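Structure first, commentary second.
Each chain gets a letter, A, B and so on, in the order the sequences are listed, and its residues count up from 1. Computed from a predicted model, the values in this text were never measured in an experiment.
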Amino acid sequence: MPSKNIPLREKLKTVTPSGKKDESFFELVFDVVMEIPKGRVTSYGAIAAALGTRSSSRMVGWAMNGSHRVRPKVPAHRVVNRQGLLTGKMHFEYPDQMQELLEKEGVQIVDDKVVDFAKKFWDPVKELGLE
DNA sequence: CTATTGACGTATG
DNA sequence: GCATACGCCAATA
């Protein structure tokens with residue numbers, strides 16, 4: 001039951017830009033991020049690709065900016081840049097929180113970078129069967 | 001309205 | 001590997 005296989009791309013198209021806050025770009029990003037398994041990480045570009053806006057990876061990061069005030073919990077700490085670098089760590093409650101959370105899940109961090117990023121990488125496009 | 005910025009990515013030199 | 005430029009789109013001033 002592809003209930004989880006939400007047509008994000010279609011959803012995105014139906015979204016009215018600068019329209020309402022119902023299902024903005026942010027929600028789409030959050031949906032994907034919350035699907036990230038524990039101990040895994042993904043990149044902004046991957047999420048953007050999953051949403052069909054491969055080139056708009058920046059918007060993904062921007063969406064995460066509001067992840068704080070968003071419902072229950074968005075594991076933003078599992079989202080890193082393509083280098084596996086914890087670029088957004090400074091946006092958490094405190095810089096080291098991101099690293100702590102990741103290490104707590106079994107993800108080693110060295111020099112603000114994910115160890116074995118290739119192995120830990122979780123591709124939303126492939127896992128969710130998008131595109 | 002324009003200009004700037006941003007938790008990015010790719011291309012180019 | 002580093003610097004620079006561009007794209008992409010939304011929020012903010």
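Out of C:dC8, B:dG9, C:dA11, the shortest distance to the side chain of A:W62 is found at C:dA11. Of the candidates B:dG9, B:dA7, B:dG6, the closest approach to any side-chain atom of A:R82 belongs to B:dG9.
Per the geometry, CG belonging to A:D111 stands 15 Å off C1' belonging to C:dG1, to the nearest Å. At whole-Å resolution of the value, NE2 in A:H91 and C1' in B:dT5 are 11 Å apart. Taking atom CG of residue A:L28 and atom P of nucleotide C:dA10, one finds them 12 Å apart after rounding to whole Å. Summarising the geometry, the separation between CG on A:N65 and C1' on C:dA11 is reported as 10 Å, rounded to the nearest angstrom. Taking atom CD on A:Q83 and atom P on C:dG1, their separation rounds to 10 Å, with Å as the unit. In this structure, A:F117 atom CZ and B:dG9 atom C1' are separated by 13 Å, rounded to whole Å.
Residues A:A46 and A:M59 both approach DNA chain B. Their nearest nucleotides, taken by heavy-atom distance, put A:M59 toward the 5′ side.
Heavy atoms of A:N81 sit under 4.0 angstrom from primed sugar atoms or phosphate atoms, though from no base atom. Backbone-only contact: A:S56 has heavy atoms under 4.0 Å from sugar-phosphate atoms and none from a base. Counting any heavy atom pair closer than 4.0 Å across all strands shown, A:A76 reaches a base atom.
Closest approach of A:L85 to A:V80, counting heavy atoms only: O-CB, 3.4 Å.
Note: A:Q97 CD to A:H77 NE2 = 9.0 Å, rounded to the nearest 0.5 Å.
Side chain of A:S57 to backbone of A:Y44: no donor-acceptor contact under 3.5 angstrom is found.
Checking each of A:R40, A:K120, A:E105 against A:R78 for a side-chain contact (heavy atoms from CB on, under 4.5 Å) leaves exactly one that passes, namely A:E105.
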